[in-house]
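Numbers restart at 1 for each chain; the letters A, B, ... are given by sequence-line order, proteins then strands. In this text the structure is predicted, and so the values were computed from the model without any measurement.
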Amino acid sequence: MTLSVIFLVVAMLVGVPVALAIALSALGYFLLTGANLLVLPQQFIGQLSNMPLVAIPFFILAGELMNCGGVTRRIFAFALACVGRVPGGLGHTNVVAGMIFAGMSGSAVADLASVGKIGLRAMRESRYQDNLSVGVIVSTSTIGPIIPPSINMVIFGSIANVPIGLLFLGGVVPGILTGLLLMAMFALLFKRGGSQAAPAPKVAFWRALRDGIWSLLTPVVLLGAMFFGVATPTEAAIIATVYTLIVGGLVYRELTWKNIFESVMSTVILSGAIMLIIGFAAPLGYVISREQVAADFGAFLIASFQHPVALMAASTVLLLIVGTFMEVAAAIILLTPVLGVALIGAGFDPVYVGVVMVYALGIGLVTPPVGMCLYVGSQISGMTLERVVQAILPFLLPLAITLALIIFFPPLITWLPHALYAN
Amino acid sequence: MSVSPVSSEVAPPGGLGRVLFDNAEELVGFVLLSAIGIMMMAQVVLRTLFGAPLSWPEELSQFLFAWCSTLGAVGAYKRRGLVILDLVTRRLPGGWQAALQYLCALLIAAVLVVVGWKGYQLAARTSFSAATLPVTWAWAYAAAPAFAVLMLLRMIQMQGLKYRYLFVERWLGLSQSAEGGGATQ
């Protein structure tokens, strides 16, 4: 087992794509233990034909269509009308728009590449300090996988057998809390150094609302279909895609056939890349469960940390460390059968465990060395990676505070799902 | 981990035949994903509005999704869009980088050969019938050897023969966002 982990790390470091490095490490284990190699393709395809995961491409597709169809732009305009007039308004606008967009997209990169891009352009036009602008757009993107829907929660739920709808609801309060704290941090930094920025253009609230109402209804349609039991998360993702097609194509008339073709094409490719990781993580997960790592690890954890809070805190430190150097989807797939299952076995609420895991690993998206959002942030801003890292540093504090809050006050996560599902 | 840079190369010339050949996997993936979307949407409508869902769309979607994902992954590979950790390799001198590239290609080929060979055996042996479709699960498992073979061929084509693909999105003159790989989180 240790050997396969070493193999995994070495293979990734020499430049083997993460998905195939994971496959190699499982293969190494199978060869060393003389296990039946048929398990490798069987687990691989078994995972790729897992119904809840079909939601993933459609969450990506809905986001792509929203960008082409004018939905994202209207959401930004609405957010601008809401909070644009306060000092540093564009920064707050970006956070609010990011939160609304997170209610339709399941991924941080989608958030960053859409709302973040628009926000950065607006802030540059209004002469905001670049550090401040890039810091706020990159950190806001971490809300994407917290506020439902969330690709990462779909992955966790499908592995740990936790209802995805409950996990989604568990992310609502932590997501909003993150947004509020990020806005507080932005206000603080803006007061100290950004006040030469031009005030935001004035946008009439009612006009923005009227203009953007169909866009703003997207999260309502998506989450409503799921929570009122009309649709499974996978079906909800498809409903949201169709809704966006209708709004962008027939209502706004901004979506062209070319846009649609391009969006579907890029979804096939992007989801292929992520599904390859998820697929090959299955045989490795099989190895992990076969070795009873989870049971041993769980027993070890419980023996070492008697107090549940200490146990959770130690687990979170582990998650943060793994998150800094591992791709999030892969980390969830590898850690859920070990850490996630062990924590649930130790008596923690499965929804609590899932949201904490997704949150803590999500912070890894904006921390070096491996932080997908840092790369995207550098790509859309033209800043070097090092400068993006500097820009994001102060914004890590609100993320850390939120994480601590949700760990020490579990009702922040569990209250909403239990309140809604108790009735 | 890298988000692949949008390449500024000029698209190589070519006609429809070349585009179909260069983008075969992802074009089939395109059709499959669209089919899943249409089928599942029809299923939701039939169930909620008419109370008469069909029995087979879920299972057929599962089959198609296995194929769609693996074919999409080949498309991602051609666009250098598979998630890669280039933290260490990026900082090495050129000679080392080239040597590591060979090592990587060997490791990838090794795992693909096993996936292809064992996947073929698995598909050949599977007689487990699908619950709602008149086929066996062999049709889903066949995606594994197909993926391995296609990846190997594309690897030889891209790295061995230095072939340059004419991507469909560029051929149609669309923006190049479809190439920004790795945007998975």
Quiz item: Where on A:P57 is there a heavy atom nearer than 4.5 Å to chain B: the side chain, the backbone, both, or neither?
Solution: side chain

Self-check item: Toward chain B, the part of A:L112 with a non-hydrogen atom under 4.5 Å
Solution: neither

Exercise. Below 4.5 Å from any heavy atom of chain A, which atoms of B:M151 appear? Answer side chain, backbone, both or neither.
Key: side chain

Exercise. Mind checking side-chain contact (heavy atoms from CB on, under 4.5 Å) for B:M41 and listing every partner two or more places apart, or none if nothing turns up?
Key: A:I238, A:I239, A:V242, B:V45

Exercise. For the residue pair B:W137 and B:Y141, categorise the inter-ring angle as parallel (less than 30°), tilted (30 to 60°) or perpendicular (more than 60°).
Key: tilted

Quiz prompt | Residue, of B:S34, B:G72, B:G116, B:G29, that accumulates the most heavy atom pairs under 4.5 Å with chain A | solution = B:G72

Exercise. Would you kindly say whether A:E64 and A:T267 are connected by a side-chain donor-acceptor distance under 3.5 Å?
Key: no

Quiz item: Checking A:L37 against chain B: side chain, backbone, both or neither under 4.5 Å from a heavy atom?
Solution: both

Self-check item: Side chain proximity check, A:S139 to A:V366, heavy atoms < 4.5 angstrom
Solution: no

Quiz item: Taking the six-membered ring of B:F147, is NZ or CZ of B:R154 closer than 6.0 Å to its centre and within 45° of its axis?
Solution: no

Exercise. Tell me, for B:L112 versus chain A, whether the close heavy atoms (under 4.5 Å) come from the side chain, the backbone, both or neither.
Key: side chain

Quiz prompt | Aromatic plane relationship, A:F30 with A:Y286 - under 30° parallel, 30 to 60° tilted, over 60° perpendicular | solution = tilted

Exercise. Please look at B:T48 and chain A and tell me whether the side chain, the backbone, both or neither of the residue comes under 4.5 angstrom of a heavy atom of that chain.
Key: side chain

Quiz item: Quick one: are A:F58 and B:L33 in side-chain contact, heavy atoms under 4.5 Å?
Solution: yes

Exercise. Side chain from CB out, backbone as N, CA, C, O: work out which of these in B:L107 comes under 4.5 Å of a heavy atom of chain A, or both, or neither.
Key: both

Exercise. Find the one option among B:K78, B:M40, B:R47 whose heavy-atom pairs under 4.5 Å with chain A are most numerous.
Key: B:R47

